[in-house]
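Right, one structure below, let's go through it.
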Amino acid sequence: MIVSIVDLSRHVGQTVTLQGWLYHRRDSGKLVFLVVRDGTGLCQCVVARGPDTDSFFEDCRRLGQESSLRVTGVVRADPKQVGGHELTVTHVEIVQNAENYPITPKPHGIDFLFRHRHLHFRSRRQWHILRVRHTLVDEIRGYFNRNGYTLIDTPIFAPSAGEGSQTLFSVDYFGEPVFLAQTGQLYVEAACMAFGKVYCFGPTFRAEKSKTRRHLTEFWMVEPEIAYADLDAVIAVAEDFICSIVQRVLSDHRADLEFLGRDVAALERIRAPFYRITHRQAAEILRGPKARELLERDLAQKSARIAEVQKLIAEKETQAKAGGVKEWQKEKLAADAADLREELADLEVEVQNIPHHMQLAANFDPNGDLGGSDETIISRLHDRPVFVTHYPKGCKAFYMKLNAEDRTRVNNVDLLAPDGYGEIIGGSQREEDLTTLRDRIHEDGLNEADYEWYLDLRRYGTVPHGGFGLGVERTLAWLCGLKHIRETIPYPRMMGKIYP
RNA sequence: UCCCCGAUAGCUCAAUGGUAGAGCGGCCGGCUGUUAACCGGUAGGUUGUAGGUUCGAGUCCUACUCGGGGAGCCA
């Protein structure tokens, strides 16, 4: 009977067949240990030399990493083994003996791994992350589908820049220059006047020349849009939506998160209500003593850690040079030292940036946008996500509704994820008044003719409405506690990176 | 666009300006319970590219290419 590794607990004592790939192999004279993966999990399969296994024993001993094979054997529960089960092998069918698989169990560089991305996500860590991504995407769709939203797919070819300022990819469209969409928002606004509550979900493209751990040139975004909604209603949906995502990932992926080293308890603390502050309050925090104290404390802690790490590296090196140390111990010590050196390099960059960040925060312009470091400060001063509302209109898009009490501000909201993961949601109430919207288009120097269809929405049955966009990859990076966004998508597209 | 760092065997890294090395991976052999197994043997190189300094360059200098990290900008 062909069984998936994930289902082995239901087949203890039975003879089953696994179909998969060889993750790792060790042999010990009369035994071969085949660690097999089948896409649902890992299972160690033990082949003992004997009359019954003679026909394939030698072949198993020489089997290369990632060889494809069918393994038949008796399932045994063994809590010590990965996955909790082990197979005592009675038969092996080698589908292909793979030779010289490039990704070995030893450390590799980032460049090498991502040049082999088509193989890289067979590795455990990447496999765990992409499983969580699957559930995140499923819950995004599920949440909106359960709550009466209609999916509206928006175009990827866009005739003009949706929001004006950003750098977009230009494409030749039968001789006419068009752009790859950076948002489906304007289109989804039109759809919400037809369906009430809608969302679009797809890839978006930004041509910004940003080479950082938070940027991709192609990333996925979900954008709900709700008719008869003001800013408070938009915030309420965003909060409920995030809670729902967190709960779903916690319930389905605790083991994956633990494998990834995520602090699961911190995720469990993500509950409504989130913090809610205005941009003006954020400015006060940044310019005030709390921000300075946070960064000063940070500087002290990181400096202390640098000294500690330097000491640890020196100790490892001394131990490695001492007499009587086995080769594998030396290797382990060298690997530890390499990890420590990497941490040291990161710390040094952070420490180097802190004075700059302190200056940026202290001199924060109350009429300016929050920078990346400002967002980090705000989020780190709170233990749950923070909604920041009412930004100056100058730093936001033309379609955001001007605030009734303060016409220099807009009814917008950004959600800052904890721990410096940055802005994962950006949204607003939209300007529904035809005249005001037209003025804003002109103020931003945009061509009114490009937006005639959009202005129609304000001519024919305009209503208060709003929505937001959530970046899937940044959200996943936060959920999994990842350092770099490139791990959150199967095929990352970054500046200067398009292979494979 | 700017700043910092890097490029040596398939991979990860060593090598005072003076004969290019190790570990892993590969291949061959050994070992009955391994967990990045271990032990012995073996093959593997135009030191990113182009110039320059020098008796001599992996090492020093210049430019370029590619990569990493950061700043700005952003989801």
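Order of the sequence lines sets the chain letters (A, B, ...), proteins ahead of strands, with each chain counted from 1.
- For the pair Leu63(A) CG and G26(B) C1', the interatomic distance rounds to 15 Å; values are reported in whole Å.
- Gln44(A) places its CD atom 8 Å from the C1' atom of G33(B), with the value rounded to the nearest Å.
- Across every strand in view, U1(B) sits in a pair with A71(B) that passes the Watson-Crick or G-U test at under 3.5 angstrom.
- Side-chain contact check for Thr204(A) and Arg206(A): no donor-acceptor pair (N or O, by modelled atom type) lies under 3.5 Å.
- Across the strands present, U53(B) finds no partner; the criterion is a Watson-Crick or G-U wobble pair with both atom distances under 3.5 angstrom.
- Between the base of G26(B) and the side chain of Gln65(A) there is no donor-acceptor pair shorter than 3.5 Å.
- Rounded to whole Å, the P atom of C66(B) lies 41 Å from the corresponding atom of C28(B).
- Protein atom CD of Glu86(A) is 8 Å distant from nucleotide atom C1' of G33(B), rounded to whole Å.
- Side chain of Gln81(A), nearest nucleotide from G33(B), A71(B), C73(B): G33(B).
- Sorted by first then second residue, the side chain to side chain donor-acceptor pair (under 3.5 Å) pairs that include residues 490-500 of chain A, not counting sequence neighbours, number zero.
- Side chain of Val46(A), nearest nucleotide from G70(B), C74(B), G33(B): G33(B).
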Anything under 3.5 Å between a protein N or O and an N or O of nucleotides 1-4 of chain B, put it in a table, one pair a line.
residue	atom	partner	partner atom	Å
U1(B)	OP1	Lys209(A)	NZ	3.2
U1(B)	O4	Lys209(A)	O	3.0

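- Using a 4.5 Å heavy-atom cutoff, the side chains of Met400(A) and Lys393(A) are not in contact.
- Interatomic distance, OG of Ser68(A) versus CD of Gln96(A), reported as 5.0 Å (0.5 Å rounding).
- For the pair Met494(A) CE and C74(B) P, the interatomic distance rounds to 18 Å; values are reported in whole Å.
- A salt bridge links Glu66(A) and Arg37(A); the closest N-O separation between the charged side-chain nitrogens and carboxylate oxygens is under 4.0 Å.
- A sub-4.0 Å separation between OP1 or OP2 of G33(B) and a side-chain N or O of Arg26(A) is absent.
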N/O-N/O pairs, protein side and nucleotides 5-8 of chain B side, under 3.5 Å:
none

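- For His108(A) against C11(B), no side-chain N or O and base N or O form a donor-acceptor pair under 3.5 Å.
- Between the NZ atom of Lys497(A) and the P atom of U65(B) there is a distance of 16 Å, given to the nearest Å.
- Across the protein-nucleic acid pair, Leu113(A) atom CG and G67(B) atom P stand 16 Å apart, rounded to whole Å.
- Searching all strands for a Watson-Crick or G-U wobble partner of G6(B) with both distances below 3.5 Å returns C66(B).
- Going from the C1' atom of C13(B) to that of A71(B) covers 30 Å, rounded to whole Å.
- Comparing atom distances between the Asp111(A) side chain and each of C74(B), G33(B), G67(B) picks out G67(B) as nearest.
- Residue ring and nucleobase are stacked for Phe219(A) and A75(B), with a centre distance beneath 5.5 angstrom and an angle between planes beneath 30°.
- Rounded to whole Å, the distance from CG on Asn100(A) to P on C24(B) is 16 Å.
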Provide a list of protein-nucleic acid N or O atom pairs under 3.5 angstrom, restricted to nucleotides 29-31 of chain B.
residue	atom	partner	partner atom	Å
G29(B)	OP2	Arg62(A)	NH2	2.5
C31(B)	N3	Gly29(A)	N	3.2
C31(B)	N4	Asp27(A)	OD2	2.9
C31(B)	N4	Gly29(A)	N	3.4

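- For the pair Arg133(A) and Glu473(A), the salt-bridge criterion is met [side-chain N within less than 4.0 Å of a carboxylate O].
- Nearest to the side chain of Phe33(A), among G70(B), G72(B), G33(B), sits G33(B).
- When heavy atoms are screened at a 4.0 angstrom cut-off, Ile424(A) is found touching the sugar-phosphate backbone but no base atom.
- Regarding contacts with the backbone of G67(B), every side-chain N or O of Arg486(A) stays at 4.0 angstrom or more from both OP1 and OP2.
- Lys80(A) is linked by a salt bridge (Lys or Arg N to Asp or Glu O under 4.0 Å) to nothing, counting only residues two or more places apart in sequence or in another chain.
- Following rounding to the nearest Å, Leu347(A) (CG) and G69(B) (C1') show an atom-to-atom distance of 14 Å.
- Ring-centre distance between Phe144(A) and Phe241(A): below the 6.0 Å cut-off.
- Across every non-hydrogen atom of Val234(A) and Gly467(A), the tightest pair is CG2-N, 3.7 Å.
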Tabulated below should be each protein N or O lying under 3.5 Å from an N or O of nucleotides 44-47 of chain B; please produce it.
none

